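Below: one structure, written as structure tokens.
Order of the sequence lines sets the chain letters (A, B, ...), proteins ahead of strands, with each chain counted from 1. From a predicted model like this one, the values you see are computed outputs, not experimental measurements.
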There are 2 protein chains.
Amino acid sequence: MNSSYIQDIDDDDTFKILIATDVHLGYLEKDAIRGNDSYNTLDEILKYAKTNQVDFILLGGDLFHENKPSRRCLHNCITKLRKYCMGDTPVHFNILSDQTVNFNTTQFPWVNYQDENLNISIPVFSIHGNHDDPTGAEGLCALDLLVASGLVNHFGHSQSMERIQISPILMQKGNSKLALYGLGSIPDERLYRMFVNNQVTMLRPKEDQEEWFNLFTIHQNRSKHGPTNYIPEQFLDDFLDLVVWGHEHECLIAPTRNEQQLFYVTQPGSSVATSLSPGEATKKHIGLLRVKGRKMNLQKIPLKTVRQFFIQDVVLASYKDRFTPDTPQVTKKVEELCYAKVEDMLDEAERERLGCPLTPEKPLIRLRVDYSGGFETFNTSRFSQKFVDRVANPKDIIHFLRRREQKEDIKDEFNVDYGRVLKTTAVEGLRVEDLVKKYFEETEKTVQLSLLTEQGMGKAIQEFVDKDERDAIQELINYQLEKTQRHLQVRGVTTEHDIDEEVMRQGMQWKWAKAHRLERGDEPSRADLSSEFADVAMDSNEESEALPPLTRGRGRGRGRGGRGQGGRGRGRGECGSAAESQVQLLVFFTVVRSQQSTEEHCS
Amino acid sequence: MNSSYIQDIDDDDTFKILIATDVHLGYLEKDAIRGNDSYNTLDEILKYAKTNQVDFILLGGDLFHENKPSRRCLHNCITKLRKYCMGDTPVHFNILSDQTVNFNTTQFPWVNYQDENLNISIPVFSIHGNHDDPTGAEGLCALDLLVASGLVNHFGHSQSMERIQISPILMQKGNSKLALYGLGSIPDERLYRMFVNNQVTMLRPKEDQEEWFNLFTIHQNRSKHGPTNYIPEQFLDDFLDLVVWGHEHECLIAPTRNEQQLFYVTQPGSSVATSLSPGEATKKHIGLLRVKGRKMNLQKIPLKTVRQFFIQDVVLASYKDRFTPDTPQVTKKVEELCYAKVEDMLDEAERERLGCPLTPEKPLIRLRVDYSGGFETFNTSRFSQKFVDRVANPKDIIHFLRRREQKEDIKDEFNVDYGRVLKTTAVEGLRVEDLVKKYFEETEKTVQLSLLTEQGMGKAIQEFVDKDERDAIQELINYQLEKTQRHLQVRGVTTEHDIDEEVMRQGMQWKWAKAHRLERGDEPSRADLSSEFADVAMDSNEESEALPPLTRGRGRGRGRGGRGQGGRGRGRGECGSAAESQVQLLVFFTVVRSQQSTEEHCS
């Protein structure tokens, strides 16, 4: 349809909604070249919303890349929201639903534009993603800081683990009625299981059900990463009209019709590339959704500030006419071929960028070289130098891979990215090891370790590392401590010797994750863990995946991508469950003992 | 004066200002008993301000205990400020000065109550303290997040390192004119030096100088911790009328007159005890300051939510009539004496608490036992059990010390506080060691380390650890990297071998701290470092100080107190400059080399 028609339909009965997702604010913010990309694009998105006077902005999760955004990142986000979303422009729709149900994560349970102390011109509605999901005993996420400040309306946060009841935000503009449903990110296996067990229900207004346009926002795997590691569209209620699907980074924003459920699905995709996979190379867009009665129209808005990304695959074995592994100086010939390919992409990038002043100069370039069949790799750092001034990612342009092989060139990993070496220090556990071991040496205690499960500890370590959740391990210890003490008291165990024996005999299973998650209505499971590890594997694969790629630019687990640690993910995982868990077991056991001897003296 | 009089003077010409400082929000927030203390008291302070309809709140720094407050802490603070300081109550004073000068840390350089998008009823004006001071390349501090949200007005942030010009916020209410001066925390030695060198000037309005009431807020050492490690009152201009002195935790809020400068000084003190030193035992107050013309009146407001703290000293040698080191069962007798002392304090606490429902039940109790003269210590953990249900700090009631001895009982340290063991994992550097060493082993490179100074690295490690400044070390490396590359290029050094030789020959001095600080108008110096280490020493002393105490409840350096790491501070420092700096030197050198070889191929 042409834009004149679109203008025509901007009337008092038409909702104008700006749709975006996976902004990943703060992604690579320390990178000298790409550091401002995510900030510039958020600015473009908000500016567009203001210029086009939308009724509200709908975000599909992962506004923040890190679970604990940096001060700079929070400051930047707050500043931009205040700059673009506050002002005198009146808001033209009303909310008819119970807002204390819709906005259940705040002490100000009402939509921000109705707060008499805030002058909001563009309300922002957002669900949380897997990157910025709630953590800790308070179950707060980064979004909730914006909510407390009155800059964002966080919805779709399910508090219960038994069942998810999604109550829509019921909006009315003129004669149009919009029911906005949302569901913040939940581990895919768990949500999959809950759907299968009919534990997920979407509430509908009693009156005039047919008059409502039903819009649903979700942040899950859409593409199948495993038997139950995604959410099939068929799981979603067929009364829906449009589903805005977050988490998947490939821009497939043009609504596709699900012929079985008869609803449409739009996948806006991320507004910044957080991996160099093909899905991220698709041109980035946001959407301007118009809803009038039950009719909708989705206008694609190309983002101008997004850095260009070109990716190509080369299968060396298919160039038999030019060289084989036995050809003299084959490596040189291969290198020349790659130079040519990259030059082609750079030319294409330059042509495309003509007349786009907002687009960053240096594009992202990825050439995936399949050297199966006896070919050798060449020196990528030397290759990089040719393009250091013209490419945003000179250090990892070339990506060697072989069919059905997963080997990684660790050494290359190190040469590539020193930021990575430093950032990896986020694994803090090892410091404990030194201290605790020292302590045990000094006090000449020797204990056997048999209280916690590897998986359990793995989970704690993951929260600790991936989400920078400094209390994850301590909460585990506190929980298990109480549990053990209760047990020991019941058994009437008092002396240290008896404690040792009893504890060893029991070898109690660790249930901390459950206790921890109960507080925020989640449920732990073997599946969680496997999914976590699946994530890790996924990340590592990125460095050495076989063609065609497993991933289509989906949101990477736990911001590891951002730290450029794809290749290290798995390594970390193992380190977590081995070395660190042992450390924590030591600490934990120390606590149990001393606390117990404490009660000894009390009674 | 009686309150009736006070009521009388509440007229259209009278500024009503609530004065508080060192709220240390988030202090011990993970402690099961004391975790909410700082939050409850902030609530009390803000509630009081609202109930008494003050014109504004003035904070003297250290609103936050941690440089990087937790999500819970930020969320709590934002929520309370929004709850108490927003609303329809009109603000009755005007600002006459250039606000872009007064509020120079924000993109919204005007007082929040004049922002047309915010409905502020009680503006908060705050300087930053040493706990929540600006860090990182952006020079942002935790306060600036509140500023971006429009909840606080951050002033007194000096951007220059050459000289400090303090421009007052000029306020007028009716006929009263108030000039509000502020200076955020600066390392004492540096500020001392700047005062001595006449680099600190306070600007004054040109007209009607005599009509202005001049109020100054500062956050520095007031008590002398070393020859230049404090700010003498005499340094401050004598045109001032009242100085609100932050940082010192002892409540000495009744204005004392400086007979030389003829101004008054009020020291409100912290609203939560962050150490168990005598200064913190003084009853906590905030102030209600009234200013009419040049007249002022300061009303002491006792804080009801503050946990009681009682401290006593026992010198065993002075009980010759009851026991000597040779008395049979002397330890038992000593223990009994201590029990009695603690019981006395508990009785006193209970009496005092009668009719104070807001005061927490369990008091803080500290008994400092000087066992000089051949006495033995006794088992404190056993002692603790007697009081585990009645004291807020059962694990560290008893504090053994000897005159002129600084020894520490490490083992006891460990038994006392497991939180400490875990929290200390904040030293992340060691992970780097593993990786980098691994890297060097793998690549069989051997380099000598001669580029960075211990002090320089010490500074970086301190920012890294104490302020959780994750980029401190990387910024150092980047800076030195560029510096070295420039040098090498000038010298025309290209081959790796030449690099080694050249670098070794030069052994360039490291100036990162300066470069880093230049961005935010600071200046590094030997003095900084000594002061840092002085801090550390101070903290350690707390565990074993000789009577009388060195510290009078002053704000502890870098929130270490909060982490309960007093005793570990020094240990950390050393670890930083030894093991970790070496690690970083390795990393750094690796970077230099590879980047250099990079340019080699470019040219």
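Of all non-hydrogen atoms in A:T79 and B:A148, the two that sit nearest each other are OG1-CB, 3.8 Å.
The candidate from A:C141, A:G150, A:S70, A:G87 with the greatest count of non-hydrogen atom pairs under 4.5 Å with chain B is A:C141. Options B:S384, B:A142, B:S121 differ in how many heavy-atom pairs under 4.5 Å they form with chain A, and the most are formed by B:A142.
To the nearest 0.5 Å, atoms CG (A:N117) and CD1 (B:I120) are separated by 7.5 Å. Note that CE of B:M86 is 10.0 Å distant from CD of A:E116, once rounded to the nearest 0.5 Å. In this structure, CG in B:N76 is found 10.0 Å from CG in A:L140, a value given to the nearest 0.5 Å.
For the pair A:R71 and B:L74, the minimum side-chain heavy-atom distance is 4.5 Å or more. Residues B:H75 and A:E138 are not in side-chain contact: their nearest non-hydrogen atoms beyond the backbone lie 4.5 Å or more apart.
Other residues, nucleotides and ligands contribute more than 12 heavy atoms inside 6.0 Å of the CD atom of A:Q114.
Taking a cutoff of 4.0 Å between a charged side-chain nitrogen and a carboxylate oxygen, B:R82 and A:D115 qualify as a salt bridge.
Of the atoms belonging to B:L118, heavy atoms from both backbone and side chain fall under 4.5 Å from chain A. Proximity to chain B is absent for every atom of A:L151, based on heavy atoms less than 4.5 angstrom apart. Residue A:A32 does not touch chain B at all, counting heavy-atom pairs closer than 4.5 Å.
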